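Okay, structure first, notes after.
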Amino acid sequence: MADKGMIIRITGPVVEASGMNGARMFEIVKVGREALIGEIITLEEDVATIQVYEETAGITPGEPVERTGSSLSVELGPGLLGNIYDGIQRPLRDISAGWGDFISRGVSLPALSREKEWDFIPLRKPGDQVIGGDIIGEVQESPTIPHRIMVPPGISGTIRDLAPAARYRIEDTIATIETAAGPVRISMVQRWPVREGRPYTRKLDPVEPLITGQRIIDTLFPIAKGGTAAVPGPFGSGKTVIQHQLAKWADADVIVYIGCGERGNEMADVLAEFPSLQDPRTGEPLMKRMVLLANTSNMPVAAREASVYTGITMAEYYRDMGYDVALMADSTSRWAEAMREISGRLEEMPGEEGYPAYLGSRLADFYERAGRVTVCGSQGSTGSVSVVGAVSPPGGDFSEPVTQNTLRIVKVFWALDSDLAYQRHFPAINWLLSYSLYGDAVRSWWHEHTAPDWDDRRREMMALLQKENELEEIVKLVGPDVLPETDKLVLLEAEIIRESFLMQYAFHPVDTYSDPARQYRMITAMFRFFSLAAEAVAGGVAVELIRGLPVKRRLARMGAIPPEEEEGQFSDLMQTMELQIRGLEV
Amino acid sequence: MESSSREYTSVTKVVGPLIIVDNVAGIGYGEVVEVTMPSGEKRLGQVLETLTTRAVVQVFGGTRDLDTETTRVRFTGESMKIPLSPDMLGRVFDGVANPRDGGAPVIPEELRDIYGSPINPYTRENPRDPIQTGISAIDGMNTLVRGQKLPIFSGAGLPHNLLAAQIARQARVLSQEEEFAVVFGAMGITHEEAGFFLKDFRSTGALEHAVVYLNLADDPAIERIITPRLALTAAEYLAFTRDMHVLVILTDLTNYCESLREVAAAREEVPGRRGYPGYLYTDLASIFERAGRIRGREGSITQLPILTMPDDDITHPVPDLTGYITEGQIVLSRDLHRKGIYPPIAVLPCLSRLMKGGIGPGRTREDHADVNNQLYAAYAQGIRLKSLVAVVGEEGLSETDRTYLRFCNRFETEFVGQGLTENRTFTTTLDIAWNLLSVLPEDELKRIDLRFIERYHPAHRKGSNE
Ligand SMILES: Nc1ncnc2c1ncn2[C@@H]1O[C@H](COP(=O)(O)OP(=O)(O)OP(=O)(O)O)[C@@H](O)[C@H]1O
Ligand SMILES: [Mg+2]
């Protein structure tokens, strides 16, 4: 009877059970007669407190609690890409097929199809020595992503049998490995406990930018592959749009997108849009490189808490194959609130604003799972997980605990600003508050892929924007008239940077994505304008006249120039600029 | 089922809206309770926490006159349910679904749990059909689509009721004649306000298509926790079982949140911001997420919740958390109201997140997105210059800047401002926008595609007519 306890208290998603001697922390249990899934989160003598991943209405004290002996785990194997799951990896597509349009409780379905057959190609042979992480074969999971079948972590020995190339189901044995502890059968599916990071050989410094096609990000506040970034901002400032943009255009191999406590319609939006969008690098539908986790705000709060772990474990799994993975979590604040809600029900001693005292360490543990690493296995390849977390501060006030604890950990900060959003200046990333600590790490990549003055230009742009801010303060006191012409020119230049470069309309078919070459071209055009304007001003031309030139409007639309017209239009723009500005000189 | 209905007289404690019942057994979490007062009056309650021999019950009718001696508590073993049938249409109920119009109780076609179940995100249909409300500041700047949840953030004394009633009257989807219904859920509003809506519904014939749930200011406060859920359960039935397009108006969500806070305080829960419970976001989401469309089903639920911002403060937890859940917001401004502008919609902080999929060629008009973008940029610039003028005077501004000021004023009076019964089409709204934009130098229209300028700018249109 040791594996059965009895419910003694129920309050919301939290259930207490007695008679739980021998249970382990984070063990998964089946709660009540309907066997709802729950996880042990505290233990005191024989009483376990359990967070339940489903609605608890109708459960009564006295019902049984059954131990399973295992921790909350995910299934890892072919079939993840293109799929949509809830926070504990229940397949929402299959649930809708079997249970209808609303999510009822007590549903239990395997995360990966047991029937589907995959074309397996062996890459090693019997007799080979292998260790955990070694790739023994692959299946073409999606048109661009070969799914590498790895020896699970912790297993090493000699391959005794390896299945020949043929079609297999994920649970079929495809290899037997003779280990020190005897033979171990390997299939195409692994399980891994979500709260534990998957092992790797070594952490590496990030060196390459994660190109997002978003100009203000790539040029001013870059994120590196394997890096961490936070996007805090009040409601409606553009966090989700940024995350969607990154999910669409970032040059990662695999995207894990976690809708954590956010809107159902945003998930519908992704499901409607992504399959019809093409990956600019491979031409394949973007949905085919993505795993979507949707635990919306109205779905059980404990499963929301688990969703970020479920997501990052999947990301690590693809990293282990040697891929660059980018994970978006929208929103980490809802995860933190889930922690707070559960903690409140436990009557734990609250920390700041009611959040549990371990908020900071949980956030740190999560972001720590990002990184560029040498993965396990003898091939010594490199993989990365980049993590971008949205933060939703109450009242848009960045001094609150989730934002502050996150800032202590992440290396990139894209601060969203409601004033910019109100003017429809998107992305509403405030260029004065935001920062990236990867500027130096990615510099040589940019110099190699664009030109050696990339970093100088980037610094000049930042300086101009900074100077604009100082001048604006003066203008507010005395008006724009009294400024010397050189200062008025600074204001004009900063305005051009904002309107022509930083602003980028996510829903414009072309403007939505600027590759590095296009970004550099736009920068070059702006700086050509600046130097022509400086010459003119030095020659006595009033800045107001330059401001009125029609070519300014063409600069503002550079981002929308179709790629096939890029060459012609940019060189024409340069000429027009020269003609119009020089034409002002007497 | 007989064993699941049990009666006790063992109330040991009464705190605020809660009672604690001891020496009980097998009480289900969330089950419905019938409390019989010493006077014989019956009140509805629900289990908030259950232990082996104890249950904590919130009493929706309040705990006034309750005692620990003779009060009887019957646990029904049932979840909270509401009777549903098409006969609800045209009826007025109280905040716990009893008839309030003197009519007979509804003969249920089915009973449904008022908490509902979450829509599987995979089965949601992306909402894309624009609703023409006839109000330019909404249609032109923050288009509402079917299946959206778009709240009105208001303040005490601002005309949110007039606006909501006008929207309910005028809202329609172009080119489609379909069955529609209005579900109205009132939480803690005054008799006068409720009377206004009922009169408006009656005079326009809308009442026949409406289901009304009223918890008024002098009705028990804790009841407000269930009123919006009754309304939404009715709406789900009409939309997804009866294939209707349902507009749900809920007012006032601030009162609802206050009731939640009262219960949380009585339970001595760790409070979140300003004393509201830490789960307020999740709780509000369980209301607002019950909007939308479902693939393969005809109907839709569009929500128009109204809330008053205490102190006109948009960072107050109620508007703040609402804004984080809903798909945008319509914000009313005291300044514009003072200037006599109706509807006093403060365009800048407004947003419709679903607008982009609902506008454009074949839906509204091809130039809509660009015009909307340009109006926002220009109006924001005008507002910025206005504050500068206060310091340096108009002389300190350039000629171009002064045109922005003119644009800004005319935008408020001619575009935002309109009549209480004025019902503008999308085309009218966009044409007014172009007239205003033509005040600005054409080179300033940086956000509008040149093709659209040639096609719609008054200067070009005149040119082509000559
Ligand atoms: N780059 C962009 N281009 C065009 N429009 C944008 C852009 N970014 C944001 N927007 C607009 O802003 C709206 C709000 O953005 P979004 O939904 O991303 O906000 P959010 O910060 O995620 O808000 P919440 O915290 O409430 O979820 C979008 O619906 C869109 O209209
Ligand atoms: Mg968002």
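Hydrogens, waters and symmetry mates are skipped; everything else that's a heavy atom, side chains included, is used. All values reported here derive from a predicted model rather than from experimental measurement.
Taking 4.0 Å as the cut-off between side-chain N and carboxylate O, B:Glu444 and A:Lys552 do not count as a salt-bridged pair. The pair B:Lys446-A:Glu495 meets the salt-bridge criterion, since a charged nitrogen lies less than 4.0 angstrom from a carboxylate oxygen. Electrostatic pairing of A:Asp269 and B:Lys356 counts as a salt bridge here, judged by a charged N lying under 4.0 Å from a carboxylate O.
When every heavy atom of B:Glu395 is checked against every heavy atom of A:Asp481, the shortest pair comes out as O-OD2, 4.3 Å. The shortest non-hydrogen separation linking A:Val478 to B:Val392 is C-CG1, 3.3 Å. Minimum heavy-atom separation, A:Gly396 to B:Tyr324: N-OH, 4.5 Å. Considering all non-hydrogen atoms of both residues, B:Asp320 and A:Pro394 come closest at OD2-CA, 3.2 Å. Scanning both residues, B:Ile448 and A:Arg557, for their nearest heavy atoms gives C-NH2, 3.3 Å.
Between atom OH of residue B:Tyr281 and atom CD of residue A:Glu337 there is a gap of 7.0 Å, rounded to the nearest 0.5 Å. Rounding to the nearest 0.5 Å gives a distance of 10.0 Å between CZ of A:Phe102 and CG of B:Asn120.
Using a 4.5 Å cut-off between heavy atoms, B:Leu351 touches chain A through backbone and side chain atoms alike. Of the two parts of B:Arg297, only the side chain, counted from C-beta on, holds a non-hydrogen atom closer than 4.5 Å to a non-hydrogen atom of chain A. With a 4.5 Å cut-off on non-hydrogen atoms, B:Ile287 does not touch chain A at all. Of the atoms belonging to B:Phe288, not a single heavy atom falls under 4.5 Å from chain A. Of the two parts of B:Pro319, only the backbone, made up of N, CA, C and O, holds a non-hydrogen atom closer than 4.5 Å to a non-hydrogen atom of chain A. Proximity to chain A is absent for every atom of B:Leu280, based on heavy atoms less than 4.5 angstrom apart. Only the backbone of B:Glu125 comes within contact range of chain A, with heavy atoms under 4.5 Å apart. Neither the backbone nor the side chain of B:Ser387 comes within less than 4.5 Å of any heavy atom in chain A. Of the two parts of B:Arg267, only the side chain, counted from C-beta on, holds a non-hydrogen atom closer than 4.5 Å to a non-hydrogen atom of chain A. Both the backbone and the side chain of B:Arg447 come within contact range of chain A, with heavy atoms under 4.5 Å apart. Contact annotation for B:Ile294: only side-chain heavy atoms (C-beta onward) come within less than 4.5 Å of a heavy atom of chain A. With a threshold of 4.5 angstrom between heavy atoms, B:Leu450 approaches chain A through side-chain atoms but not through N, CA, C or O.
The cationic group of A:Arg424 does not satisfy the cation-pi geometry with B:Tyr379, failing either the under 6.0 Å distance to the six-membered ring centre or the 45° limit from the ring axis.
Options A:Gly344, A:Pro234, A:Gly62 differ in how many heavy-atom pairs under 4.5 Å they form with chain B, and the most are formed by A:Pro234. Chain B forms more heavy-atom pairs under 4.5 Å with one residue of A:Asp419, A:Leu271, A:Ile103 than with any other, namely A:Ile103.
A donor-acceptor contact shorter than 3.5 Å links the side chain of B:Thr123 to the backbone of A:Asp101.
A 4.5 Å side-chain heavy-atom check between B:Val391 and A:Lys476 finds every atom pair outside the cut-off. Looking at heavy atoms from C-beta onward, A:Thr240 lies out of side-chain contact with B:Arg353 at the 4.5 angstrom threshold. Between B:Thr50 and A:Thr60, every side-chain heavy-atom pair lies at or beyond the 4.5 Å cut-off. In this structure, the side chains of A:Tyr505 and B:Asn373 come closer than 4.5 Å at one or more pairs of heavy atoms. Contact check for A:Glu266 versus B:Glu327: no side-chain heavy atoms found under the 4.5 Å cut-off. Between B:Pro121 and A:Met299 there is a side-chain heavy-atom pair separated by less than 4.5 Å.
Annotation: side-chain hydrogen bond (donor to acceptor under 3.5 Å, both in side chains) contacts of A:His244 (sequence neighbours excluded): A:Tyr257.
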Stepwise side-chain contact (heavy atoms from CB on, under 4.5 Å) check, A:Phe235 with B:Gln329: CA-CA 10 Å; A:Phe235 62 80; B:Gln329 63 277 340; 3.3 Å; yes

